[in-house]
There are 2 protein chains.
Amino acid sequence: MDLDPRKKEVLHAIVDDYVSTFEPVGSKSLIERHGFDVSSATLRNEMADLEHMGFLEKPHTSAGRIPSDKGYREYVDSLMKVEPLSRREQAKIEENIKSSVGELKDLIKGAADTLSQATGFVSLTCSPRLKKSYLTQLKILMIEPGKALVVVVLSAGVVKDKLVRIPNFITDKQIYDISNAIEKNITGKPLDEITLITVSSALKGGSDIPDSLLNQVLYEAYAAIKQADRMDVYLEGEHRMLSLPDFSSMGRATQLLGSLADDGMVAGYLNEMEAQDKPNQDSYMIRIGQEITLEGFDDCSFITTTYNMGDGVQGNIGVIGPKRMEYSKVISQIDFVKKNLDEQIKIINE
Amino acid sequence: MDLDPRKKEVLHAIVDDYVSTFEPVGSKSLIERHGFDVSSATLRNEMADLEHMGFLEKPHTSAGRIPSDKGYREYVDSLMKVEPLSRREQAKIEENIKSSVGELKDLIKGAADTLSQATGFVSLTCSPRLKKSYLTQLKILMIEPGKALVVVVLSAGVVKDKLVRIPNFITDKQIYDISNAIEKNITGKPLDEITLITVSSALKGGSDIPDSLLNQVLYEAYAAIKQADRMDVYLEGEHRMLSLPDFSSMGRATQLLGSLADDGMVAGYLNEMEAQDKPNQDSYMIRIGQEITLEGFDDCSFITTTYNMGDGVQGNIGVIGPKRMEYSKVISQIDFVKKNLDEQIKIINE
DNA sequence: AATTAGCACTCTCACTCATCGAGTGCCAAA
DNA sequence: TTTGGCACTCGATGAGTGAGAGTGCTAATT
């Protein structure tokens, strides 16, 4: 069911107007702002049609129209045109990201901060999905009797570690042997294929440590490996949402921030989205209003894309903003931040 | 200038009432709720006195009185009586904290979450101050050519690490030697006495690596050591503030969350507070309203105390809440969480 | 000297009511 | 198919009002 060209124009204009003014737009002001050379009555008819088709809605009988979720969806899918950022904005983002030096984590955090600042919304980043990456090194470092540091090195240059407790009287040498044996056995395996069994099988019989103690060490090593896969979601700029007129009522604001406080929920939803969309690299996942199945995000949109760490390892970056946002602009902002992030990651990984 | 006993009673009652109702308290309701056997006129006189002395203020001519910052201060310093938590509340906190297993970091985060949930306010934790702790181990682990992991082990069982870049062709063996040399040289030194010079002096001449490359490695090692001292502030539960009537106006809420978003600012202020109070262990630092010299916290109070990791290493834990809070209750909550945290830390450190 | 009753005064809050204006839907004419 | 015209709807605004809670002050009482 395609819209005729004029309806498209009208919808486009209404979305633009509503996004910039946050006021229901009426037939008259539509003519004033855009150069439609038909009368207001004609527009009224068009608008009534668009409403019947579900693209617009009325807050109450005698107000202008606002876009419905479906209206925004149409706008995003076929009406808007993404334009590049101004040189000025680009420069600011570039500078910001470059100044966040350090490890991968700091870099991602820096990108998130930049994105939130640029958009004025909440930015969202998600640590890389490491299930498919494989293990290249495993070291267990004795810290003191009873305490060891397990260092897990993955393809794509990711390093994770975990401090674990081990039986008190296991020696340096023993740990060293265990560590080597495990490493030999599971190097090259994708993370999601490693199980407690795989880890343990390296060692059966080949050691002088009683099984029960050995198992404890193995378990800790296993846990450390598995933990490397943990998905960390980082949200930044929650407070910025309070300045938006969309959330100027205390009720909505409270609900939104309450929902945002639960990172786990957002993380879970992201996973779900990803499963649905099977995104190819460089594509965007966009969810508008009620398309978001989480409580409390009715007036929001999610836009995310992926950043790349090589070897097919990817994480997410994006924003959560009011559904009344300048989609084309926000998308170019995300895109530009993502590109810069990819670049910087490449640099720190050589 | 001491208050006479009745004035104390009156102030006490007013603070209690105001805290629980959030409404300016008048002479009449004061009699109703508390068993004062004087007339309302007498109380009015007392209240007028207290106002002149600066303990109370009036929102407008014809409303009841509310405590001023000075009033709260008096209340906190000499009027209130801290009572232990109910068995029920204790159990909840205990359970919550025990369920946050893992490394020190997780434990602290767990304590913060618990505290925020228990109080309904923002909780604040601060990683331990490590300046005075000394270095017990330093390992540099080769990850791949050009990349190494520096592991710093401090007294009090703290382990920190940092992924660093090193010149490409430095070998495993060389790194091992450098690491040993540095370790030998600075083990036992307090963190704040370690300088780039101290680190470097270990190695002069004793190696076959060109100075310029060596310096790069040394610098990274030094940076990794210094970074161990970084103070991390963690704030949790910002959204809870929105539910409080104290911040039910959008303006205040926005300002508060904006200020809270800047962890660095809060961290800086904590440092300042600490310097002023020279706290002995187990004492509380309390700042009420305008006593807090930060922008945006006029209606808030900070209450913090320290948690202990042994060897004199301490961090901070506390809350940021509305100054209209049940001080005695909040203090016992913080106290109880702190005790549990101390205990759990002891357990994971053996 | 401290306490109390009484009273005039102040100020906020909640409520009502009328008005205004932007916008709509629909009909009949072009 | 488009347009002008018109009656209607509904939220926002602002003024006016009365109730209620509280105060300060004064004069009488203990």
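Computed from a predicted model, the values in this text were never measured in an experiment. Chain A is the first sequence line, chain B the second, and so forth, proteins listed ahead of strands; every chain is numbered from 1.
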Test of understanding: with side chain to side chain donor-acceptor pair (under 3.5 Å), list the residues that count as partners of A:His12, not counting sequence neighbours. A:Asp16

Partners passing side chain to side chain donor-acceptor pair (under 3.5 Å) against B:Arg44 (at least two apart in sequence or in another chain):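 Here the qualifying residues are B:Ser27, B:Ser40.
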
Which residues pass the salt bridge (Lys or Arg N to Asp or Glu O under 4.0 Å) test with [X], sequence neighbours left out?
| X | result |
| --- | --- |
| B:Glu291 | B:Arg73 |
| A:Asp298 | none |
| B:Glu46 | B:Arg6, B:Lys7 |
| A:Arg87 | A:Glu94 |

Distance, rounded to the nearest Å, where [X] contributes [atom1] and [N] contributes [atom2]:
| X | N | atom1 | atom2 | answer |
| --- | --- | --- | --- | --- |
| B:Met47 | D:dC25 | CE | P | 15 Å |
| B:Arg65 | D:dG22 | CZ | P | 11 Å |
| A:Asp49 | D:dT2 | CG | P | 11 Å |
| B:Leu43 | D:dA21 | CG | C1' | 16 Å |
| B:Leu50 | D:dG24 | CG | C1' | 16 Å |
| B:Glu51 | D:dC25 | CD | P | 11 Å |

Rounded distance (nearest 0.5 Å) linking atom CD of A:Glu83 with atom NZ of A:Lys329: 11.0 Å

In Å and rounded to the nearest 0.5 Å, what is the OG to OH distance from A:Ser259 to A:Tyr269? 13.0 Å

5' to 3' on DNA chain C, which nucleotides open and close the contacts with chain B (atom under 4.0 Å from a heavy atom)? C:dT3 to C:dT12

Between the side chains of [X] and [Y], is a donor N or O closer than 3.5 angstrom to an acceptor N or O?
| X | Y | answer |
| --- | --- | --- |
| A:Ser301 | A:Tyr327 | yes |
| A:Ser86 | A:Glu89 | yes |
| B:Glu236 | B:Tyr234 | yes |

Do nucleotides 6-12 of chain D as a string where each nucleotide becomes B, S or -: B if the base has a protein heavy atom under 4.0 Å, S if just the sugar-phosphate does, - if no protein is that close. ---BBS-

Pairing residues for A:Asp246 by the side-chain contact (heavy atoms from CB on, under 4.5 Å) criterion, not counting sequence neighbours: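 Applying side-chain contact (heavy atoms from CB on, under 4.5 Å) to A:Asp246 gives A:Phe22, A:Leu244, A:Pro322, A:Arg324.
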
Going by the rule side-chain contact (heavy atoms from CB on, under 4.5 Å), which residues pair with A:Ser39 if we only count those two or more places apart in sequence or in a different chain? A:Ala41, A:Thr42

Contacts to DNA chain D from residues 10-39 of chain A, heavy-atom cutoff under 4.0 Å, which residues? A:Val38, A:Ser39

Sugar-phosphate only, base, or nothing, as touched by A:Ala63 at under 4.0 Å among non-hydrogen atoms: sugar-phosphate

List every contact pair, protein side and nucleotides 14-17 of chain D side both N or O, where the distance is under 3.5 Å.
none

